[in-house]
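Heads up: the structure comes next, in structure tokens.
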Amino acid sequence: MEKEKYVSIIYRGQPHQSLAQSRPITASSASAMAKLTRSFEFEVKPLPPYDFRLTIKKPAGWSLFGPAEIYEDETLWTVTNIDGALVGVKFSSKGTIENPRVLVRVFLKKKPARAEKERLKRLLAQAIGADQDLRQFYSVAKRDKILKHVIGDLYGMHDTFSPNIFSEAVLAILLQMAPLKRSTTMMASFIDVYGEVANFDGKRIKAWPTSRRMAGVSIGELKRTCNMGYRAKSIVKLAKRLEAGDFPTVEQLKDMDPARAKERLLELPGVGDYSADIVSPQGGFPIDVWSVEVFGKLFFRKKPTNNRLAIERVKKEGLKRWGKWAWMAFFYVVQDLGNLSRKLGIKLRLA
DNA sequence: GCGTCCAGGTCTACC
DNA sequence: GGTAGACCTGGACGC
């Protein structure tokens, strides 16, 4: 597999410390293999500025849809699960930052119906942030004493989201109350044991396990196979809740008022305030005991004396300063910590 | 070698 | 409604 995936912080789209560094995710022969032989292609013209590389392969190592995806020569091969179907996708950049064009080829097991095909086109374009207009954010950011430093470094980086709520929520749950190394080990086991291998376009990529699959696994088995401890219960309950079929889709969550979307996400087992801010396709301000140190230093110029106790204060300050742009501000800052450290003369620790 | 602490939160019983 | 404690596990640390 490739990848330095999981670099430092893991939030949207599975990131942080390289899973690859802890345990490679490979297409093992024991895994179920799905050949995705039907394909179609379309072109997306994202709103400029759009930097394909920064958007698809974030500087902090966040992956787009999953940790085992492959990036080579301005092209990304990745896999996700939409409505229970495995979907392989190849994104290729054909344009420039000011005149962006992205060629998207979608691989499926079966030929899609016309409506399904149109939905996939819409969803995948949204997922890579094609309809996101950065101009308003930039006009606010250039007057902000922190953000003015990052928008230059990351000019044209769009926010992206995974079309799959289950994988995002599982990621959030596995990050809870565990050192990064343990989280990445649990994730790697989870994908290795229960993930399906997608075979398309000459690539073999392991996908996140689906809620359908995990709803049929016992808590005891999941604890045993992936050493997840109490988190196994949340993941099985989460899978069953999503399989009940009455939970909003990613598109529906994206169209809701952000507060309402978060409210719905908080209904999910194992998803609290922090996890909902990670899982929401609209983002939040996900302050935890790691990021509280970074933002505490940025806001108050000093490291919190007690990270856990400082979370509420730092989160409140971020939301007060940046309001509806809090997620974009968080997103840009954590992708640019090295440069920001140098420019502000503050040591911002990478996890 | 052994005991204790705590880590990228969430849930719940209890007041 | 607010909050203290429990929850798996394993690495770091002190002794």
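All values below were derived from every heavy atom in this structure, side-chain atoms included, with hydrogens, water molecules and symmetry-related copies excluded. All values reported here derive from a predicted model rather than from experimental measurement. Per chain, numbering begins at 1; letters A, B, ... match sequence-line order.
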Under 4.0 Å from any atom of DNA chain C, heavy atoms only: list the residues of residues 310-325 of chain A that qualify, in numerical order.
none

Nucleotide N/O of nucleotides 11-14 of chain B paired with protein N/O under 3.5 Å:
from   : atom 1 : to     : atom 2 : distance (Å)
B/dC11 : OP1    : A/G270 : N      : 2.6

Protein-nucleotides 2-7 of chain B N/O pairs under 3.5 Å:
none

Where at least one partner belongs to residues 77-125 of chain A, residue pairs that pass ring-ring contact (aromatic ring centres under 6.0 Å, His included), sequence neighbours excluded
A/F107-A/F200

Which other residues end up in the same hydrophobic cluster as A/Y230, if Ile, Leu, Val, Met, Phe, Trp and Tyr are linked when side-chain heavy atoms come under 4.5 Å apart?
A/M177

Are any side-chain N or O atoms of A/S341 and backbone N or O atoms of A/I346, one a donor and one an acceptor, separated by less than 3.5 Å?
yes

Taking the side chain as everything from C-beta on, heavy atoms only, tell me whether A/V294 gets closer than 4.5 Å to A/V334.
no

Filter on salt bridge (charged side-chain N to carboxylate O under 4.0 Å, His left out), then keep only pairs touching residues 324-334 of chain A, sequence neighbours left out; what's left?
none

Contacts of A/R212 that satisfy salt bridge (Lys or Arg N to Asp or Glu O under 4.0 Å) - sequence neighbours left out:
A/E243

Any residue in residues 222-231 of chain A with a heavy atom nearer than 4.0 angstrom to DNA chain C? Just list them by number, or reply none.
A/N227, A/G229, A/Y230, A/R231

Side chain to side chain donor-acceptor pair (under 3.5 Å) against A/S39, all qualifying residues, sequence neighbours excluded:
A/R105

Give me the stems containing DNA chain C, sorted by first residue, counting only three or more consecutive Watson-Crick or G-U pairs with both distances under 3.5 Å; say none if there aren't any.
B:1-7 with C:9-15, B:9-15 with C:1-7

Nucleotide range of DNA chain C lying under 4.0 Å from chain A heavy atoms:
C/dC7 to C/dG10

Besides A/L309, the hydrophobic cluster formed by Ile, Leu, Val, Met, Phe, Trp and Tyr side chains linked at under 4.5 Å, directly or via other members, contains none

